[in-house]
Amino acid sequence: MDEYPYPLFFEATDFTDREKEKVRRYFQKRRDSGGGDCGNLEKLGGSVYKICFKEKEDQERVLQRKFHTITLPSGEVQLTVSRTSSPQTSDQPSTSQSLSSTNPNMKGLEKTFRIDVFLLFFLRDNSKAYKFFEKQLSSIGCTVELNFDEEEVLVRGEVDKGPGGGFCGAAEKWECQVDQVFIRLTETYLCYHVLEPKQVKMILQDSAFKTDDIKVYTESGYAVVVGEADAMKEKIAVLEKSLPTKKEVPIVEKKFKLVEEEFNREMRANCPEVTIIRGSAMITLEGPDKQVQSGAAKLHELIKNIKEKRVKFPTALLTFMKTSDAIPKYQTRFQQSLRNPVFFEVGSDLVLSSLSSDALNEAEAAVMRDLKVTTVQLQGATDLNRLKEILTKAKNEANSRELRVDVSYMPGASGTGTTKVRLVGYSEDVAKLNEVLHDFQMNQVSTQEAINLLHPEMVDCFNKILDLIGMKQTKVSLQASHFPNPCVFVSGPQCHVQEAKEALTSTLSSLIVDTLTLDGPGAQQYFQEEGKVTKELIEGSCRVIIREKQTAATRNVQRPQNTSRLGDTPRSLSYSSSMYSIVGNSAINRTNLKIKLSSLENEQVDVLVAPMLNKQLTSTNIGNSLLAKAGNILKLKFDSVLGSCAIAPGDVQLVDAPPSLGCSKIFFIECLPWDGVRGKSVQALGNGLKKCLELCAQLNLGSVAIPIIGPGIVLKYPLREAIQVLTDIIHQFGLSASSGSLENIHVIIKPGYPDSEECYHDVYKQLSLNMNQGGQAIFRSLTSDLDDIIMTVGSGVELHVVFGDITNETTDAVVNTTDFEKFNLDGVCKDILTVAGPEVEAELKAAKVNRGEIFVTQSGNFPCEAIFHVCGQRDEALIEQLVWDIIYYCEWYQYTSVAIPAICAGVGELDPTVVAGAILRGIKSSISSMNSLTDIRLVLIKIDVFLAFKEEAMQMYSPAVINRVQQQQQQPPPSVSAYLSSLQISSTSQQSVFTFLGLSKKDVDNAMEKLKHQYQTQCSSNTFSKEELEPLSQDDMMELKELVEAEGLFMQTDQSGTLTVSGLKDGVTRVMQKMNQCQYMTLTREVRVREEEDVYNRVVWCILANNGNWERLPKSANHQLEKNELTEGIIDAQGLTWEVDLHAMVATRPLSRQTTRLKRLENLPDFTFPLYWDPMAANETMKVVSLEPSSAEYQSVKEAFKRTVTKTVMKIERLQNVHLRRAYEAQKKHISDKNAQEGGAGEKPLYHGTTQENCHSIMTTGFNRSFAGQNATAYGHGTYFAVNASYSAQSTYSKPAADGSRLMFVARVLTGIFTQGKGSMKVLPLRNGQQPHRRFDSAVDKMDNPSMYIVFHDNQAYPDYLITFKGE
């Protein structure tokens, strides 16, 4: 069936698509056209268009209006619609037809109009209207004929010829006049179609519609009212008002149910004519408009007044309501039984809705009363399966008809191992199941009671106690425990627990308990091992229990166990070759561990360990670094060893090292790339490292350097796994008895990598954990290049250079380095603010700080008194000033300690060396102002920054450090008696205590006597005299103490200084062996000291200091260099460590790679070489050394000369004359001794001009008084020396040679005690007439600020340097 079955037609010119759509929308809008839902506009042919409507009523309403005016883009168009496809309307008349006429001057015309048939009926039935219509047509000479069958009106007329003799103009005029008549007809009378049945009925019944001027015509189902326009408008208005109103009100179903009853009651009372139609989510109200609007408002008001109440219920109860029939049950109940309906909804909460608050409260109370959830904690040990069986049966009975109650089981609090039972459902049913549960617990659940034990030792032997007292098996279980205190837990059914508790308490209280104390903790050790069987026999024969009583002093006394930290790791590594033999005696491994920040190729050790892959030297970065340092000779040695041999992962190949490396051998480990924790790569690396350490011990090598092998780009180990393997192997080696001569293991970490800090911390942590095993030290020491440096920089002020995190500091003040802008960048500022908290950060962000100012804030959560915020602005001078100000602030606030970071060295990216220099200078300049401040901590989180600070601090403050160390060394060591006293104090507290438990005192006393006797038979003692103990060093005494403690021996001393050691025989024997070893080592040390002293007297090793002066090295370093014992490098007089290349005579700092020169001088039996001299051959007594102009020595001599002389220095030569210097030193000693109380020898550098003729003589034989008087003798007949070089540079004294050059000596002159010179003076006068042999040492030109000194003894001056110069 066609969707749009009701067509209308009209004629029009061609429409565009856009205009068609606009016309369609016009007919679709009722308010514009009277139409409604319609289809698309269709063109039938020519100028005829069709549009179809879905409803007939819409079609009729459109027909009621004959003319439809539509505004289109091209202008307005007026359309006349019709039921047929060829409409003839008043505005579109049919073509006029000519009719024949008898009069040749007249022409007959006719025109047909299609009009509404009901208007035809009206003309027919209303004579007045028809006559008026007929009159209008007759006035223009026309007649009319009504055709009801065709619904047409036929008009006929005649026209005269026009002036031109034609009819065209007259015919057009006639047609226009006829059209105007029909237009007036349709405007005067209206046809109104009434489709609404009620309106049709109203029209038919209402007499007002039956007048002469208005006619009503009925058709099937509808009526048409026709009449004059004005009268029709009034009637139409009445009809439209009589139309019923329809209003749709959207609703929420659940809310409407709550108000439905009240709403219906209101509508029946106040709006009876309104029909209520219930739809889905919609209520339709239809009836008189006023009542419909009133009803809609009432419905809205009722819904608005609905109240909602959310009730918090346990989740378990809400779940029960959803799974049971509770919801529909309550819905029905609350809709019917309450004063107002209540809607019941369950979601995350229980939601109740109603018009009445009282109804809501009643509903809530009902649910709260009806439903319940109960949770019961099961007490003691419970047969849970049995309980579940009982509760399930009771639950099923309650739920036989409907779900009334549910049961669930939950674990109790974490770590308790208990269970909770939850009951949820209707209150009466929950109560019944709770009663079942209670009965079960009372009758069948186990409970637990505790009985306190008087002695902790009773816990570990409680089963033996039960055997001793004959306690039979009962229905309860007994469990002894140390926690929360020594006790026994009695567990079982409640009816039996109390009975057992009372019986056991009574029995335990009757036991006899006593203790036996034996000297030395070794007694416990003995009865735990060799004497264990004997102790058990005593227990059986005497019917007692014997327990070792652990004390703080004895818990650590145990023999090392065969354990390995590798075995404790989740991967449970084991290595293919045999494991180390474990220490079976008390010998302690004396290997030192050191973490070094360095490159492997720069290490000075006996052995370097390096990885390789597929037997390739350059397969790893470490191999490439070694090759770069050692050159091709290493490649040749490597290839010759590994070229033809077969090698497997984990194997080690030994290669002799070339001289350019600081080692004798290199151990290469064949490795595998990372293949997982349990893979072959870890196995191979572990085996290789183990073999390396074993080889060091077998070959009697003293030191080895091992890098962290694995984390590089080739092997690709995770960093922590690589560290784990290395530290585990070192730990196992420490536990072994095969360390041999290996004294030093260096773990090498290369600085400058992103993970260097993480690597260092992990290595240090793992090695620290490995330093001890079972209370016994397995390594002598653990040190690193990043250990704290502590220096005294003022009167009681300590400067700490610390590698660490400043947020761990607890000083009074903490310094934060910031730019006061970016607070979220990683660095010190972010770390400090994170700890301090948001209040400090907010205070800092709001601060306005000028350049160079310190902003002080509260500390917040930081454990200090205040935080000083500074900005160094990457300015060295500003940083130095800020440090001075920081110390000033500390003094102002009377703080005793401050922590300072590396200001601007992190995010500021300033060179760490520059920052270190600035901060240390700031501290140094503030020393005099420090009173309160005693502790300055420079806390540095980056390795490179710490090393830079360490280097600068050691150079800037080294004299203070050396003085402090020397003072400590000068303190006399503690006496042997003091050490013996400390040993006795610590040892007397180490006693073996045994607890005895028995049924009678007799049994206990008997057992104690037997145990004591058994131990005494296994003991011995040995006494060491004071003379045997005196040679022992402090280290020897400490090692002796460690051995005594490890063996569990007892020591006693007497007033004479003797030491008696007693205990198990084997332990005493080992102490005697240790004593012999110590005595041997003491003799060895004494020999070493004598050797160092002897070498020190014969040979002088010097190092060129930063100031350009040669400094003598200490005795130990002097001996190391002479004997080529350079594995660990040397330590100079400043405490700095140097690596040595004897071939090049060069020393290098390990970290900074700073280099300097070395020099060796060999003294003569009667002459000690000055440090600044160059070495001389054995038979050489005279040597002239031309100084390098770039040397500090040259510059120093030249600078002194140029202070008073402007002439050009051509060269400076050092004169090394052994004979002259020997005589000069003898004279110097003589004058020094003579004037010891008056200033000594008074040695001064003075000038003496000379000539080419005299120069050689002075150089070989010295200054000669015989030539006195050549130039002048104004102040005596001696040798003259000038204070200023300008005097000696006069041509009178320094006579020019042929080439213009001139000569001047710089002499060392012993001026001693001087007097005023006189021209006649040939011998210096006596200083005191009463002492005839004590004369003055020299004469001067004037006593007040002399410019010239005269000596009268040839050996009193030594020609040190010869300056050759030119100039007027």
If you draw the axis of the six-membered ring of Trp1110, does the NZ or CZ of Lys1159 fall within 45° of it and under 6.0 Å from the ring centre? yes
Would you say Asp606 and Ser664 are linked by a side-chain donor-acceptor pair, where the criterion is simply a distance under 3.5 Å? no
Determine whether the side chains of Asn1118 and Glu1122 contain a donor N or O and an acceptor N or O closer than 3.5 Å. no
Nearest heavy-atom approach of Arg937 to Asp935 is CG-OD1, 3.6 Å
In terms of relative ring orientation, are Trp1173 and Phe1169 parallel, tilted or perpendicular, with 30° and 60° separating the classes? perpendicular
Between His1353 and Asn1355, is there a donor-acceptor pair closer than 3.5 Å when you use the side chain of the first and the backbone of the second? yes
Would you give the length of the straight line joining atom CD1 of Ile633 to atom CG of Leu661, rounded to the nearest 0.5 angstrom? 10.0 Å
Heavy-atom donor-acceptor pair, Ser1191 side chain to Glu1188 backbone, under 3.5 Å: yes
Is a donor from one side chain sitting under 3.5 angstrom from an acceptor on the other, for Glu1091 and Tyr1096? no
Distance-minimising heavy-atom pair for Leu920 and Glu952: CD1-CB, 3.6 Å
Please report the interatomic distance CD1(Ile789) to CZ(Phe949), rounded to the nearest 0.5 Å. 13.5 Å
Could you check, using the six-membered ring where one of them is a Trp, whether Phe1305 and Phe1281 have ring centers closer than 6.0 angstrom? no
When you measure from the side chain of Thr1156 to the backbone of Leu1104, do you find a donor-acceptor pair of N or O atoms at a distance under 3.5 Å? yes
Note: Asp1094-Arg1090 ion pair, threshold 4.0 Å (strictly below): no
Any idea which heavy atoms bring Gln1120 and Gly1129 closest together, and the distance? NE2-O, 3.0 Å
Is the NZ or CZ atom of Arg1308 positioned over Tyr1361's six-membered ring, under 6.0 angstrom from the centre and within 45° of the axis? no
Can you see whether Phe1365 has Arg1302 sitting over its ring - NZ or CZ less than 6.0 Å from the centre and within 45° of the normal? no
Could you tell me whether Arg1149 sits above the aromatic face of Trp1138, with NZ or CZ closer than 6.0 angstrom to the six-membered ring centre and within 45 degrees of the axis? yes
Salt bridge or not between Arg1088 and Glu1086? Use side-chain N to carboxylate O under 4.0 Å. no
Distance-minimising heavy-atom pair for Val607 and Cys663: N-CB, 4.3 Å
In this structure, is the centre-to-centre distance between the rings of His1248 and Phe1263 below 6.0 Å? yes
What residues, two or more places apart in sequence or in another chain, satisfy side chain to side chain donor-acceptor pair (under 3.5 Å) together with Lys1202? none
Does a salt bridge link Glu1225 with Arg1221, judged by any charged N lying under 4.0 Å from a carboxylate O? yes
Nearest non-hydrogen partners of Ala1241 and Ser1232, listed with the distance: CB-OG, 3.3 Å
Ion pair Glu1162/Arg1160, N-O distance below 4.0 Å: yes
Any donor-acceptor N/O pair, Asp1337 side chain to Thr1311 backbone, under 3.5 Å: no
Any donor and acceptor pair, going by atom type alone, linking the side chain of Ser1196 with main-chain N or O of Glu1193 inside 3.5 Å? no
Distance check, rounded to the nearest 0.5 Å: Leu608 atom CG versus Glu601 atom CD? 9.0 Å
If you round to the nearest 0.5 Å, how far is CG of Asp1132 from OG1 of Thr1137? 8.0 Å
Main chain of Arg1153, side chain of Thr1148: is a donor-acceptor contact present, judged purely on distance under 3.5 Å? no
So does Tyr753 have more than 12 non-hydrogen atoms from other groups sitting under 6.0 Å from OH? no
With a 6.0 Å cut-off (strictly less than), is the heavy-atom count around OH of Tyr1172, excluding the residue itself, greater than 12? yes
Just checking Lys1244: does its NZ atom have more than 12 heavy atoms from other residues, nucleotides or ligands closer to it than 6.0 angstrom? yes
Of all the heavy-atom pairs spanning Ala1285 and Thr1204, show the shortest one and how long it is. N-OG1, 3.3 Å
Do any N or O atoms from the side chain of Asn1284 and from the backbone of Ser1286 form a donor-acceptor pair under 3.5 angstrom? no
Has Asn1217 got a side-chain atom pairing as donor or acceptor with Met1259's backbone, closer than 3.5 angstrom? yes
Indicate whether any N or O donor in one side chain lies under 3.5 Å from an N or O acceptor in the other, for Asn1163 and Asn1097. no
NZ/NE/NH1/NH2 to OD/OE distance under 4.0 Å, Arg1222 and Asp1166: yes
